[in-house]
Amino acid sequence: MFRRATSTFLSRAAATRRFSTDVATPAADSAFVEAWKKVSPNLDPPKTPFEFLKPRPPVPTTLPTKLTVNFVLPYSSQLAAKEVDMVIVPATTGQMGVLPGHVPTIAELKPGVLSVHEGNDTTKYFVSSGFVFIHANSVADIIAVEAVPVDQIDASLVQKGLQEFTQKLNSASTDLEKAEAQIGVDVHSALNSALTG
C-alpha cells in the first residue's frame with residue numbers, strides 16, 4: 001500500500017515538475033499574452049522569463065575523443081575552440097584532470113600550472129587565478145585573470161620576488177600589509193614550484 005502511494009506520488013510530481021532550462025510551450029506564452037491584452041490592450045506584452053531561456057546543449061550519445069578548450073584572458077584569447085586530449089587545471093581543491101566526457105563542473109583556479117596535452121605535446125601556462133567551466137558536451141572554458149607560458153618565466157626574478165614578499169610579510173604591521181604580502185608569497189611560491197616541478 002505504502003509503496004503504491006509513494007510511486008503514484010513520485011510519478012505525478014515528475015510529470016508536472018519543469019526544469020529551469022526546459023523551453024516553454026507556446027500554450028503558456030499565448031495564455032499570458034491573452035491575459036495581458038485583456039488588462040492592457042494598448043501596450044505590447046513584456047517578454048516572459050521563458051523567452052530568454054535556451055535549451056540545454058545536447059549531451060553526446062557516445063564518448064567524444066577530443067576535448068574542445070577555450071582559454072581566455074581579459075585582454076586576449078590563448079586558445080579558441082582548440083581540440084586537445086586533456087587539460088590539467090590548478091583548482092583550489094587540487095589538480096584536476098579534464099578528459100573528453102568529463103562531468104559538468106565549475107571550479108575556481110588558484111595560482112599554478114595549467115597543462116594542455118595534445119598528442120605527445122604539452123603546453124604549460126602559469127595562471128594567477130580564474131575559473132574553469134566544464135560543459136556536458138566536452139567543452140571546457142578556462143577564464144584566467146593572468147597567464148604566461150611557463151617557458152617565458154625568469155627564475156631569477158621569481159626568487160627575488162619571493163625574497164621581497166617574505167621580508168614584507170615578516171615586517172608587516174597591519175592586517176592589510178600582511179594580506180598583500182601573503183598573496184605575493186603564495187604567487188611567487190607557486191611560480192617557483194612551476195619552474196622547479
Side-chain angles (χ1 to χ4, degrees), residues 20-21 49 52-54 56-57 66-197:
S20 64
T21 54
F52 295 100
L53 292 178
K54 295 179 183 175
R56 292 181 182 178
K66 294 286 185 177
L67 175 72
T68 304
V69 176
N70 299 307
F71 178 31
V72 295
L73 305 173
Y75 51 86
S76 71
S77 175
Q78 298 291 340
L79 301 173
K82 176 102 173 176
E83 291 193 346
V84 300
D85 296 320
M86 178 177 67
V87 174
I88 300 175
V89 296
T92 54
T93 55
Q95 296 284 43
M96 183 170 73
V98 181
L99 293 167
H102 195 283
V103 66
T105 307
I106 299 174
E108 183 181 3
L109 300 178
K110 67 176 182 178
V113 177
L114 167 81
S115 301
V116 180
H117 299 266
E118 184 179 10
N120 293 332
D121 298 331
T122 302
T123 308
K124 294 184 178 185
Y125 298 89
F126 181 83
V127 295
S128 61
S129 62
F131 288 91
V132 60
F133 301 90
I134 303 163
H135 307 280
N137 56 352
S138 290
V139 174
D141 295 323
I142 303 167
I143 296 97
V145 175
E146 194 66 51
V148 63
V150 171
D151 57 359
Q152 294 180 7
I153 299 173
D154 186 352
S156 62
L157 291 177
V158 171
Q159 291 297 327
K160 182 179 175 186
L162 183 58
Q163 290 173 355
E164 288 176 9
F165 280 107
T166 303
Q167 288 175 347
K168 286 181 183 179
L169 182 61
N170 293 335
S171 64
S173 58
T174 66
D175 288 341
L176 178 64
E177 290 174 350
K178 288 178 185 177
E180 289 174 346
Q182 185 62 52
I183 291 170
V185 168
D186 291 345
V187 170
H188 283 80
S189 296
L191 277 164
N192 194 32
S193 296
L195 293 172
T196 59

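Everything quoted here is computed from the prediction, not taken from an experiment.
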Student check: side-chain heavy atoms of [X] and [Y] closer than 4.5 Å:
X: P111; Y: F126; answer: yes
X: K66; Y: V84; answer: no
X: I142; Y: L109; answer: yes
X: V116; Y: V69; answer: no

Problem - More than 12 heavy atoms from other groups under 6.0 Å of NZ on K160 - result: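 Not more than 12 within 6.0 Å, no.
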Practice task
Tell me, with the steps shown, if Y125 and Q152 meet side chain to side chain donor-acceptor pair (under 3.5 Å).
Solution key: CA-CA 9 Å; Y125 298 89; Q152 294 180 7; over 6 Å; no
Handout entry: side-chain contact (heavy atoms from CB on, under 4.5 Å), paired with S115, selected from T123, V150, I88
Key =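 So, applying the side-chain contact (heavy atoms from CB on, under 4.5 Å) to S115 and each of T123, V150, I88, only I88 qualifies.
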Handout entry: Test side-chain contact (heavy atoms from CB on, under 4.5 Å) applied to F71 and V127, D141, I143, the passing residue
Key =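 It is V127, the one option of V127, D141, I143 that forms the side-chain contact (heavy atoms from CB on, under 4.5 Å) with F71.
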Handout entry: Side-chain donor or acceptor of S129 paired with backbone N/O of V145 under 3.5 Å
Key =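 Answer holds: no.
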Practice task
Measure from the side-chain N and O atoms of T68 to the backbone N and O of A81, and report whether any donor-acceptor pair falls under 3.5 Å.
Solution key: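 No, because the side chain of T68 does not come within donor-acceptor range (under 3.5 Å) of the backbone of A81.
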Practice task
Check the pair S173, E177 against side chain to side chain donor-acceptor pair (under 3.5 Å), reporting the backbone distance first and the verdict last.
Solution key: CA-CA 7 Å; S173 58; E177 290 174 350; 3.2 Å; yes
Problem - Inter-residue atom distance I183.CD1 - K168.NZ, 0.5 Å rounding - result: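 Here the rounded value is 12.0 Å.
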Problem - Which atom of V72 lies closest to which atom of S77, heavy atoms considered - result: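 Minimum heavy-atom contact is CG1-OG, 3.9 Å.
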